[in-house]
Q: 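Just passing along the structure, written as structure tokens.
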Number of protein chains: 2
Amino acid sequence: MAAPRTLDRTLTALADPTRRAILRRLSSGEARVTEVARPFSISLNAISKHILVLERAKLVKRRKVGRDHFISYRSEPLDAAAKWIDETRNFWASRLDTLEQLLREEDAANK
Amino acid sequence: MAAPRTLDRTLTALADPTRRAILRRLSSGEARVTEVARPFSISLNAISKHILVLERAKLVKRRKVGRDHFISYRSEPLDAAAKWIDETRNFWASRLDTLEQLLREEDAANK
DNA sequence: TTTACATTCAACCAAAAGGTTGAATATATT
DNA sequence: AATATATTCAACCTTTTGGTTGAATGTAAA
């Protein structure tokens, strides 16, 4: 099982709309930091920080070539997050079934 | 489509381990705020705030009976988050296929 | 009607988040 | 060698977050 902090980082990174937009922006492959930043109205430095957050969450990879840093998407954290969410939903689905069943039994006992 | 802020709130709420633990704690049905707080080492007030965050994200529901507030889990936000993550993963799966294909073609052209 | 209990409100605090600007660093270009 | 470009680092600011403590509120129990 991955350290829980990994999930924290993934969800925190994804919770910000600017960062989600940055990820989408990488859909055509690698992009340099300046290219990533272009469509946004905030400063290049702010984008640089967002990229760092994504990088720490392993949602992007950085490939340095000379002065250029090529940023690209990594799918693993999203896979792991999907797994966690699915497991949690399954956990709840069974719990809710059980609760519903209990209510039904209780109901039958009171008839 | 749900307002994007909804997703922000869901992911932000889920990004905190204490709040994820609180959700799990609700698996046996409703619980009063004090009951929710019991296993945690932080103050009741801190838990009360966490519950408020979960409530704003609609991850829990509150039913007031006299002085007791009964907190229970709501599944919709997690369903919506799962949907978003799946869509995003699909989006990426097709993009990555395309990129890989491009590389293969390029490779063939250079043979 | 006092007293106890469940919960929130209010004020406060330290640390983190998200932004800014300006300087530093490293690499390209002329 | 000088200049331009790409990026980060550093300092700073404001707002938010996650926590605290103490008081207020509302309800239940003695």
Side-chain angles (χ1 to χ4, degrees), chain A residues 4-26 28-73 77, chain B residues 4-26 28-73 77:
Chain A
R5 280 300 163 82
T6 299
L7 185 59
D8 293 16
R9 269 194 265 268
T10 303
L11 295 176
T12 300
L14 291 175
D16 183 284
T18 302
R19 285 192 290 263
R20 291 199 301 272
I22 289 176
L23 286 186
R24 284 236 153 200
R25 185 110 219 297
L26 295 174
S28 30
E30 294 180 320
R32 292 178 305 114
V33 173
T34 314
E35 287 165 5
V36 169
R38 185 138 39 227
F40 296 95
S41 53
I42 61 181
S43 74
L44 175 66
N45 275 7
I47 296 293
S48 174
K49 282 192 188 180
H50 279 304
I51 290 176
L52 201 67
V53 173
L54 291 168
E55 196 182 13
R56 279 199 286 251
K58 296 198 167 56
L59 279 158
V60 305
K61 188 175 64 179
R62 185 188 302 259
R63 199 184 107 232
K64 300 185 192 174
V65 176
R67 62 185 171 179
D68 295 321
H69 295 203
F70 289 96
I71 309 301
S72 58
Y73 175 78
Chain B
R5 281 298 164 85
T6 299
L7 185 60
D8 293 17
R9 270 194 263 268
T10 302
L11 296 176
T12 300
L14 292 175
D16 184 283
T18 302
R19 285 191 290 262
R20 291 199 301 273
I22 290 176
L23 286 186
R24 284 237 153 196
R25 187 109 218 298
L26 296 174
S28 30
E30 294 180 320
R32 291 176 307 115
V33 174
T34 314
E35 287 165 5
V36 170
R38 186 138 39 225
F40 295 95
S41 54
I42 61 180
S43 73
L44 175 66
N45 274 6
I47 296 293
S48 174
K49 282 191 188 182
H50 278 305
I51 290 176
L52 201 66
V53 172
L54 290 168
E55 195 181 14
R56 278 199 288 250
K58 298 197 165 57
L59 279 159
V60 304
K61 187 176 65 180
R62 185 188 302 259
R63 198 184 106 232
K64 299 185 192 175
V65 177
R67 61 184 172 180
D68 295 322
H69 295 203
F70 289 96
I71 309 301
S72 58
Y73 174 78

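Predicted model only: the values in this text are computed from it and were never measured. Below, chains carry the letters A, B, ... as their sequence lines are ordered, and counting in each starts from 1.
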Q: B:Asp8 versus A:Arg20: any side-chain heavy-atom pair under 4.5 Å?
A: yes
Q: Which letters describe nucleotides 19-27 of chain D, given B = protein heavy atom under 4.0 Å from base, S = only from sugar-phosphate, - = neither?
A: BBBB---BB
Q: So which heavy atom on A:Leu54 is nearest to which on A:Ala13, and how close?
A: CD2-CB, 4.2 Å
Q: Write down the distance between NZ (B:Lys64) and P (D:dA28), rounded to a whole number of angstrom.
A: 14 Å
Q: Below 4.5 Å, heavy atoms only, C-beta onward: do A:His50 and A:Val36 meet side chain to side chain?
A: no
Q: Any donor-acceptor pair under 3.5 Å linking the side chain of B:Arg25 with the backbone of B:Glu35?
A: yes
Q: Write down the atom of B:Thr34, the atom of B:Leu44, and the distance for their closest heavy-atom approach.
A: CA-CD1, 4.1 Å
Q: Do A:Arg19 and A:Leu14 come within less than 4.5 Å of each other through their side chains, counting heavy atoms only?
A: no
Q: Indicate every side-chain donor-acceptor pair of residues 66-73 of chain A with a distance under 3.5 Å to a residue at least two apart or in another chain.
A:
{"unit_1": "A:His69", "atom_1": "ND1", "unit_2": "A:Arg62", "atom_2": "NH1", "d": "3.0"}

Q: May I have the distance from A:Arg38 (atom CZ) to D:dA6 (atom P), rounded to whole angstrom?
A: 9 Å
Q: At under 4.0 Å, does any side-chain N or O of A:Arg19 touch on OP1 or OP2 of C:dG18?
A: yes
Q: Between B:Leu52 (CG) and C:dA10 (C1'), how many Å, whole number?
A: 14 Å
Q: At less than 4.0 Å, is any side-chain N or O atom of B:His69 found next to OP1 or OP2 of C:dT8? Yes or no.
A: yes
Q: Using whole Å, what does the distance between atom P of nucleotide C:dA26 and atom CZ of A:Arg62 come to?
A: 16 Å
Q: Round to a whole Å and report the spacing from CZ of A:Phe70 to P of D:dA6.
A: 11 Å
Q: Would you mind reading off the distance between A:Ile22 atom CD1 and C:dG18 atom P, rounded to a whole angstrom?
A: 11 Å
Q: Please write out the pairs of protein N or O atoms and N or O atoms of nucleotides 14-16 of chain D separated by less than 3.5 Å, giving the distance to one decimal.
A:
none

Q: Take atom CG of B:Leu54 and atom P of C:dT8, then tell me their distance rounded to the nearest Å.
A: 13 Å
Q: Closest approach of A:Leu59 and A:Thr10, non-hydrogen atoms and distance?
A: CD1-O, 4.3 Å
Q: For A:Val33, does its backbone N or O pair with a side-chain atom of A:Arg38 as donor and acceptor, under 3.5 Å?
A: no
